[in-house]
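Presented below is the structure to which this report refers.
Labels below follow one simple rule: chain letters A, B, ... track the order of the sequence lines, proteins then strands, and each chain is numbered from 1.
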2 protein chains.
Amino acid sequence: MDKWKLYKGSLDTIVLQLLGQNDRMYGYEITQKVKEVTEGELEIKEGALYPALHRLEAKGLLEVEVDHVGNRMRKYYKLTEQGLREKDNALQQLEDYLSTMKKLIDPNISFG
Amino acid sequence: MDKWKLYKGSLDTIVLQLLGQNDRMYGYEITQKVKEVTEGELEIKEGALYPALHRLEAKGLLEVEVDHVGNRMRKYYKLTEQGLREKDNALQQLEDYLSTMKKLIDPNISFG
DNA sequence: TTTTTATACCTAAATTATTTAGGTATGACG
DNA sequence: CGTCATACCTAAATAATTTAGGTATAAAAA
């Protein structure tokens, strides 16, 4: 489905937001959390998520901590101070996006 | 600015919506209308718009009528019947996008 | 016990939507 | 005469995603 084409560009925002709510999370956990919270409506692909995490880390917005559960690796990510600011920024951008779309699409829509 | 990265994927929706409101419009007019309605917040690039119009036409969502004002060409686009349905569909998708983002981002946001 | 499913990480190639950066030409204004 | 607004267009580069793999451990099912 190309049903989710609107999400293009939203992944970073989602990741930053979840890490704002949960202090630290690992990649696989994020995919599951998103599926759970959205009741299966949105599925984050690993092929999109892992590169995104690496990108955000490279930009200094996330920091990593590698843990082990048994023999299995987990890479926990958390917001840096800069990431915290960027999270708020991303939220503001989402609101701006909304208000702009509203202007373009009103009066047909009820953004509730 | 990558400020508008969230708009990626929204262009078709915007075009369909404007044509739902205005019966027929030509490309340049759309760029101006968007600038006007959003008070300069969003600027549709011609390099994005014209290919999008051609794509939507190829999909059978728009039909063209070529007019002339003096010697200058205008290609007016209007929704086909299929385009009208797809317009409503796109609107629904936008609302779905919103409700999904709300689930992910609540309780921090007030989508008003 | 063997196979499958879930967990957990990853990358490369293809796809898609955009921006950037042009090009062509007419008409209006100074 | 030159510049700016109008009006169309495309090609190359950029960016974010999907698709389609790969590796390996742990748990559940057959």
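Between Ile30(A) atom CD1 and dC9(C) atom C1' the separation is 13 Å, expressed in whole Å. For the pair Tyr28(A) OH and dT23(D) C1', the computed distance is 15 Å after rounding to whole Å. Straight-line distance from the NZ atom of Lys8(A) to the P atom of dT18(D): 7 Å, rounded to whole Å. Between Lys33(A) atom NZ and dA8(C) atom C1' there is a gap of 18 Å when expressed in whole angstrom units. The distance between atom CD of Glu65(A) and atom C1' of dC9(C), rounded to the nearest whole Å, is 17 Å. Note: NZ (Lys45(B)) to C1' (dC8(D)) measures 18 Å, nearest angstrom. The distance between atom CG of Leu49(A) and atom P of dA20(D), rounded to the nearest whole Å, is 19 Å. Here the P atom of nucleotide dA7(D) and the CD atom of Gln32(B) are 9 Å apart, to the nearest Å.
For Tyr26(B) and dC8(D), the shortest distance from a side-chain N or O to OP1 or OP2 is not below 4.0 Å.
Pairing each heavy atom of Lys78(B) with each of Asp23(B), the nearest pair is CB-O, 3.1 Å. When every heavy atom of Thr80(B) is checked against every heavy atom of Gly60(B), the shortest pair comes out as OG1-O, 2.6 Å.
A salt bridge is absent between Arg72(B) and Asp67(B); no separation between the charged side-chain nitrogens and carboxylate oxygens falls under 4.0 Å. Salt bridge present: Lys103(A) and Glu41(B) bring a charged side-chain N and a carboxylate O closer than 4.0 Å.
Of the listed residues (Leu19(B), Thr13(B), Asp12(B)), just one forms a side chain to side chain contact (heavy atoms under 4.5 Å, CB included) with Val15(B), and that residue is Leu19(B). The only option from Glu81(A), Glu86(A), Lys87(A) that meets the side chain to side chain contact (heavy atoms under 4.5 Å, CB included) definition with Leu61(A) turns out to be Glu86(A).
Sorted by residue number, the members of residues 51-58 of chain B with any non-hydrogen atom under 4.0 Å from DNA chain C read Arg55(B).
The nearest heavy atom of DNA chain D to Arg74(B) and to Val69(A) marks one nucleotide each, and the one closer to the 5' end goes with Arg74(B).
Using a 4.5 Å heavy-atom threshold, the side chains of Lys75(A) and Met73(A) count as touching. With a 4.5 Å cut-off on side-chain heavy atoms, Lys33(A) and Leu18(A) count as touching.
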Quick one: do Glu29(B) and Arg74(B) satisfy salt bridge (Lys or Arg N to Asp or Glu O under 4.0 Å)? Show the steps, please.
-> CA-CA 10 Å; Glu29(B) 186 185 8; Arg74(B) 275 187 192 166; over 6 Å; no

Extract from the structure each pairing of a protein N or O with an N or O of nucleotides 22-25 of chain C at less than 3.5 Å, listing the distance.
none

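In this structure, the nucleotide among dC9(C), dC9(D), dT25(D) sitting nearest to the side chain of Asn71(A) is dT25(D). The Ala48(B) side chain lies nearest to dT18(C) when the options are dT18(C), dC8(D), dT17(D). Candidate nucleotides dC9(C), dT25(D), dT18(C) were compared by shortest atom distance to the side chain of Tyr50(A), and dC9(C) ranks first.
Here Gly27(B) lies in heavy-atom contact (under 4.0 Å) with sugar-phosphate atoms only.
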